[in-house]
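All remarks here apply to the structure that follows.
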Amino acid sequence: MTNVTVPVVEVSLIVALASFLVYLFTYQGTWLVRTMKTWMFTTDHKRIGIMYIVTGIVFFFIGGIYATLIRTDLGFVQGLGLDPQTTLGITPDVYSTLFTMHGVLMIFMFIMPVLAGFGNFLVPSMIGSREMALPRINAIAFWMLPPAGVILILSNANAGWTGYVPLSVQIPGDGIDLWVLGLHILTVSSMLGAINFLVTITKHRAPGVHYWNMPLFVWSILINSVLLIFALPSLSIALTFVLSDRVFGTHILAAVNGTPLGGALLYQNIFWFFAHPEVYIMVLPAFGLVSTILPKLARKDIFGYGAMAIALGVFAVLSFAVWEHHMFVTGISTNIRFVFMLATMAIAVPSAVKTFNWVATLWGGRVWMAIPMWFCVAFITGFVIGGLSGLMLASIPIDYLYHGTYFVVAHFHYILLGGTLMALFAGIYFYFPIITRRWYNQRLAQIHFLMTYVGTNVLLFPMFILGAEGMPRRVYTYLWNGNFQALNFLSTLGAYVLGIGQLVFLFNMVYSYYGGEPVTVPDPWGEELSVKMTGPVAAPAPARVPVPLPTATPTEAP
């Protein structure tokens, strides 16, 4: 077979979307036009936040299709001894396209938009503002996302999500050019959103809302915006260099120090100066969500508010001082590597502060183990595994051993899948009854959690073993060596469990939006339920405290 796998995915998505639009215009024309006008031209921060979240979820499933094809190749096809080229039509170029588009869509079109959506929906209300500081700019920033996502999908870029040179400069065709264009649009969108959040939080707080009493989620969005403003220009510079070398033949990245290696190192330094803060851009708002949900469902204040806020700031500072640990194996000076190793290990301190504070918040609380709490606990466990494995990779000798292997893949995905994704689901389930005024289906939510948590760990943990045994990342095939086939097969089983769980989630959200039990109280999370969650029930009346009778005082006879 030829390279047909990726075009088939694109054609299927286009046909499904076209069929859905034909149905809407044919049978729901008037309603559709009225609804589109309401949502397309809105500047309401809550509507824009919901659109961010829905758009991110759509691209989450698209990126998941690419990931499923990757795991099917590595696990089921090669795990059973078949040839991926003759079975699925996956050649090296097709595989490069699959993991490039998976990484780019999941980072730039799922995680970042959904986190921005929660920020838009929550921040103005949390600081007592009626609207974002720049409502029209807010709408413009959102409407840059859909066309950028379409451009990225159509690009079929195959240079890896990092776009390393000289590969990204030498690949023929227009795919990389479109990829750069899509990322430039997303960069402008994120920059506009970051400036908007920064102005809103610093200038539009209600009287009485100060920095040291505003919610930790607002703190996370504020620091996240600062990170974006300082990190995004670096990405724009790197992408512009690539585009200039490709289109104008400038040789900026090829002529550094007179060698292609010099250009490759220049690109990596510029790219990772953006990309490592980007990891915290994708994690800090998740910290804020968990720090909002845990106290509410534990029925007690967050433990160590000041330490938590300071830890967020420490993350921001240190995130710009560790990018070189991605380049330990490139031959840079040992003295430089040692400094970056210490800085990377120092990030474990604010990470530990936050983790212990979350656990301390739960300790002694009257914990309501609703589905959002399940996902918060899953977030803590996933983040701890990802963080500890990152602490291992911060050591130069260990990084020499595991760099470029599946150990790094497992570490990175435990941070984003085991960490950020769990926090996002916690936020979605927590705010679903608040936004829709309907309860999600409890049983389906439990099934979704179990499949997501089990699938994530079965998917990712074997990758640690694969990396320790030496399996390289970013390759479409591998040698029959040791446990590679069995572990890849197991990992792919986890991927399918995880993917099916997300279909349960999608069905639950759609079904509950129309048929879920109505929320009958202003605050759906205001009181723990004594029975299974089918909707709020009246709290039992407190037992009457007996009042002691007044003591009789003997009176003296006259």
Side-chain angles (χ1 to χ4, degrees), residues 48-49 51-64 66 97 99-120 132 134 136-164 168 174-198 221 224-244 246 267 270-285 416 420 424:
I48 292 174
M51 289 193 293
Y52 266 113
I53 294 172
V54 172
T55 301
I57 291 174
V58 170
F59 281 95
F60 169 62
F61 281 94
I62 296 174
Y66 288 105
T97 298
F99 85 78
T100 299
M101 299 313 302
H102 163 68
V104 171
L105 292 180
M106 286 300 196
I107 290 173
F108 294 101
M109 293 303 302
F110 165 55
I111 294 179
M112 292 180 67
V114 174
L115 292 174
F118 278 111
N120 272 275
M132 294 288 286
L134 307 167
R136 289 187 176 88
I137 297 296
N138 198 26
I140 292 172
F142 166 75
W143 285 110
M144 286 181 168
L145 284 180
V150 172
I151 290 172
L152 288 175
I153 292 175
L154 295 178
S155 73
N156 278 340
N158 59 347
W161 78 272
T162 58
Y164 276 174
S168 58
D174 299 325
I176 299 297
D177 301 334
L178 288 174
W179 180 74
V180 171
L181 174 62
L183 290 178
H184 270 317
I185 295 173
L186 291 174
T187 299
V188 175
S189 170
S190 296
M191 187 68 77
L192 291 176
I195 294 172
N196 208 351
F197 279 125
L198 202 60
I221 294 295
N224 185 69
S225 301
V226 174
L227 284 175
L228 283 167
I229 290 172
F230 282 96
L232 286 173
S234 184
L235 174 64
S236 296
I237 292 170
L239 295 175
T240 302
F241 283 172
V242 170
L243 194 62
S244 180
R246 289 179 57 85
Y267 179 87
I270 299 174
F271 176 83
W272 287 114
F273 188 79
F274 151 78
H276 199 85
E278 170 70 9
V279 174
Y280 294 95
I281 288 167
M282 294 186 288
V283 169
L284 290 183
L416 295 185
T420 300
L424 291 179

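Hydrogens, waters and symmetry mates are skipped; everything else that's a heavy atom, side chains included, is used.
- Every residue two or more places apart in sequence or in another chain that forms a side-chain contact (heavy atoms from CB on, under 4.5 Å) with Val226 is listed here: Leu198, Phe230.
- Partners of Tyr280 under the ring pair (Phe, Tyr, Trp, His ring centres under 6.0 Å) rule, at least two apart in sequence or in another chain, are His276, Phe315.
- At least one side-chain heavy atom of Tyr66 sits less than 4.5 Å from a side-chain heavy atom of Ile153.
- Between Ala159 and Ile176, the closest heavy-atom pair is CB-CD1, 3.7 Å.
- Atom CE of Met282 sits about 11.0 Å away from atom CZ of Phe110, to the nearest 0.5 Å.
- In this structure the side chain of Leu192 reaches within 4.5 angstrom of the side chain of Met144, judged on heavy atoms.
- Looking at Ile270 and Phe241, their side chains come closer than 4.5 Å, going by heavy atoms from C-beta outward.
- The structure places CG of Asp174 at 12.0 Å from CG of Asn156, a figure rounded to the nearest 0.5 Å.
- The shortest distance between side-chain heavy atoms of Phe118 and Leu424 falls below 4.5 Å.
- The ring pair (Phe, Tyr, Trp, His ring centres under 6.0 Å) search around Phe142 returns Tyr52, not counting sequence neighbours.
- Under the side-chain contact (heavy atoms from CB on, under 4.5 Å) criterion, Ile57 pairs with Ile53, Phe61, Ile428, Phe505, sequence neighbours left out.
- The salt bridge (Lys or Arg N to Asp or Glu O under 4.0 Å) test applied to Asp177 returns Arg246, not counting sequence neighbours.
- Taking both residues in full, the closest heavy atoms of Ala148 and Ile185 are given as CB-CG2, 3.8 Å, listed atom of the first, atom of the second, then distance.
- At distances below 3.5 Å, at least one donor-acceptor pair connects side-chain atoms of Ser168 with backbone N or O atoms of Gly163.
- From Leu181, atom CG reaches atom CG of Leu154 across 11.0 Å, with rounding to the nearest 0.5 Å.
- Partners of Asn138 under the side chain to side chain donor-acceptor pair (under 3.5 Å) rule, at least two apart in sequence or in another chain, are Asn120.
- Atom CE of Met112 sits about 9.0 Å away from atom CG of Leu145, to the nearest 0.5 Å.
- Looking at every heavy atom in both residues, Ile137 comes nearest to Asn196 through C-ND2, 4.4 Å.
- Listed by chain and number, the residues in a side-chain contact (heavy atoms from CB on, under 4.5 Å) with Leu232 are Thr187, Ser190, Met191, Leu228, Phe274 (sequence neighbours excluded).
- Between Tyr267 and Val242, the shortest heavy-atom contact is CE1-CG2, 3.6 Å.
- The side-chain contact (heavy atoms from CB on, under 4.5 Å) test with Leu105 is passed by exactly one of Ile62, Ile111, Thr100: Ile62.
- In this view, Trp272 and Tyr164 satisfy the side chain to side chain donor-acceptor pair (under 3.5 Å) rule, not counting sequence neighbours.
- With rounding to the nearest 0.5 Å, the separation of CH2 in Trp143 from CD1 in Ile48 is 9.5 Å.
- Atom-to-atom distance recorded for Leu152:CG and Trp179:CH2 is 9.0 Å, nearest 0.5 angstrom.
- Phe273 is linked by a ring pair (Phe, Tyr, Trp, His ring centres under 6.0 Å) to Phe320, Trp323, counting only residues two or more places apart in sequence or in another chain.
- The side-chain contact (heavy atoms from CB on, under 4.5 Å) search around Thr240 returns His184, not counting sequence neighbours.
- Nearest heavy atom pair, residue Leu115 against residue Pro285, reads CD2-CB, 3.7 Å.
- Across all non-hydrogen atoms, the minimal contact from Gly56 to Pro113 is CA-CB, 4.4 Å.
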